[in-house]
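No experiment lies behind these values; they were computed from the predicted model shown. Throughout, a chain's letter reflects where its sequence line sits, starting with A, and its residues are numbered from 1.
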2 protein chains.
Amino acid sequence: MIVGAVAHDTRSRLLDTAVKLFSEHGVEGTSLQMIADELGITKAAVYYHFKTKDAIADEIVTPLLAELNPIVEEASARRTRGAQIDHALAGFVDLIVRRRALVGLMIRDPGILRAAGRTSRSPTVAEVRAKLYMMFVGPDPTPTDMITVHILTRGLALAGGDPEYADVDDETLRHHLLEAGRRLLGRPRRRT
Amino acid sequence: MIVGAVAHDTRSRLLDTAVKLFSEHGVEGTSLQMIADELGITKAAVYYHFKTKDAIADEIVTPLLAELNPIVEEASARRTRGAQIDHALAGFVDLIVRRRALVGLMIRDPGILRAAGRTSRSPTVAEVRAKLYMMFVGPDPTPTDMITVHILTRGLALAGGDPEYADVDDETLRHHLLEAGRRLLGRPRRRT
DNA sequence: GTCTATATTCTGATAGAC
DNA sequence: GTCTATCAGAATATAGAC
């Protein structure tokens, strides 16, 4: 599905519905029957679009990784540590805001990564995550650095994807997440 | 189960096992069969200790709320805003460290609260959480305040409960979580 | 306190008609 | 592209023996 467009075809609606139900019940707690019911189709119709439940999980995870990876790569090309951190943080926050529930889902539910990993050979989350973390902490991180980044990434993703902020506009949410992120990383305040 | 003691009786071992499996697979993704298998007993034996799966969830959630509630109450009795924040933060972090996986589980998995809520009439999580948030932000919070506290509580709970830090000792973990928390809340550094 | 055995419902998944 | 029908296996839960 492309930018901001509303999903019309069944396949896209199916993925949106899956994300919603996965968020509420977890991947392993969501049955294909639940997805089918929510869409008003039968289980067999779901199987027409995806061969297995794992394939649905993979189709959700893989595009997200495909978006995060270049952000991290671009960040590592920056010359100063400060610029690297700024780019990685801005990119990560932007992804959270644009995908809302999705990034939070991947961090909350280990089941979606297990499921996606069973059918796909796309780059693992662990890989991309390790690179993202290194952007934030630099080489030779202290234990404090590592824990701070854990808190940062998890906190941002979960808060940004929270239903409570579902109707906060992108611009506002992005601003607040960035502010909090910069504070945690000890970066100076930015002129908005 | 009492402080630091190892669970010997089946009921306590059952609860420990449930927390572990709930964390990995989500409450709705964990079957009583999985719990029974992990314990080396039969499903029927599990039913002897708990009437339903919801009852297990409730027995996990309720004691945690019983620990968090007085912390928030005590904090609100402090006179200065600074002392209130310090007390609430120290208490919250202490709970995360002592219970590790548990606090993170409650934040990650909506299913455990749904399940617990079905069998129990104990004070709701929403209630206690609202009070905790108010301790951190004070009256008349700005949207920025609210989002910051969201990031703080979720980040601390998830990072503290992460398996990666399972063998970091309590003292160290508590120190790092407190540092990050104080930074996010804009509190001055403390002499350790 | 744990077991076997059983009833019932639901799961993921497939085959084949429209 | 969606349907009905069907499968083997696993789910929650109960009854009753040891």
Visitor: Between C:dT11 atom P and A:Glu28 atom CD, what is the distance in whole Å?
Guide: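 Going from CD in A:Glu28 over to P in C:dT11 covers 15 Å.
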Visitor: Compute whether any side-chain donor of one residue and acceptor of the other, for B:His150 and A:Tyr165, lie under 3.5 angstrom apart.
Guide: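 Yes - a donor-acceptor pair under 3.5 Å links their side chains.
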Visitor: Is there a side-chain contact between A:Tyr48 and the phosphate of D:dT2, meaning an N or O under 4.0 Å from OP1 or OP2?
Guide: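 No.
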Visitor: Nearest of C:dC3, C:dT11, D:dC3 to any side-chain atom of A:Thr42?
Guide: D:dC3
Visitor: As a test of reading the structure: which of C:dT11, C:dA13, D:dA13 is closest to the side chain of A:Ser31, going by heavy atoms?
Guide: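 The answer is C:dT11.
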Visitor: Using a 4.0 Å heavy-atom cut-off, does A:Lys43 contact any base of the nucleic acid, only the sugar-phosphate backbone, or nothing at all?
Guide: base
Visitor: May I have the distance from A:Ile56 (atom CD1) to C:dA13 (atom C1'), rounded to whole angstrom?
Guide: 12 Å
Visitor: On DNA chain D, nearest-nucleotide positions of B:Tyr47 versus B:Ala44: which is more 5'?
Guide: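 Result: B:Tyr47.
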Visitor: I want to verify a distance call: between D:dG1, C:dT2, C:dT11, whose nearest atom is closest to the B:His49 side chain?
Guide: C:dT2
Visitor: Roughly how far, to the nearest 0.5 Å, is CG of A:Asp58 from CD1 of A:Ile112?
Guide: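 Between atom CD1 of A:Ile112 and atom CG of A:Asp58 there are 9.5 Å.
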Visitor: Nearest whole angstrom, please: distance from the P of C:dT9 to the CG of B:Leu32.
Guide: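 It is 18 Å, rounded to the nearest whole Å.
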Visitor: To the nearest Å, give me how far apart CD (A:Gln33) and C1' (D:dT2) are.
Guide: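 Spelled out: CD on A:Gln33 to C1' on D:dT2 is 14 Å.
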Visitor: If we ignore hydrogens and angles and just use 3.5 Å, is the side chain of A:Arg100 paired with the main-chain N or O of A:Val97 as donor and acceptor?
Guide: yes
Visitor: Under 3.5 Å, side chain of B:Arg81 to main-chain N/O of B:Met135, donor-acceptor pair present?
Guide: yes
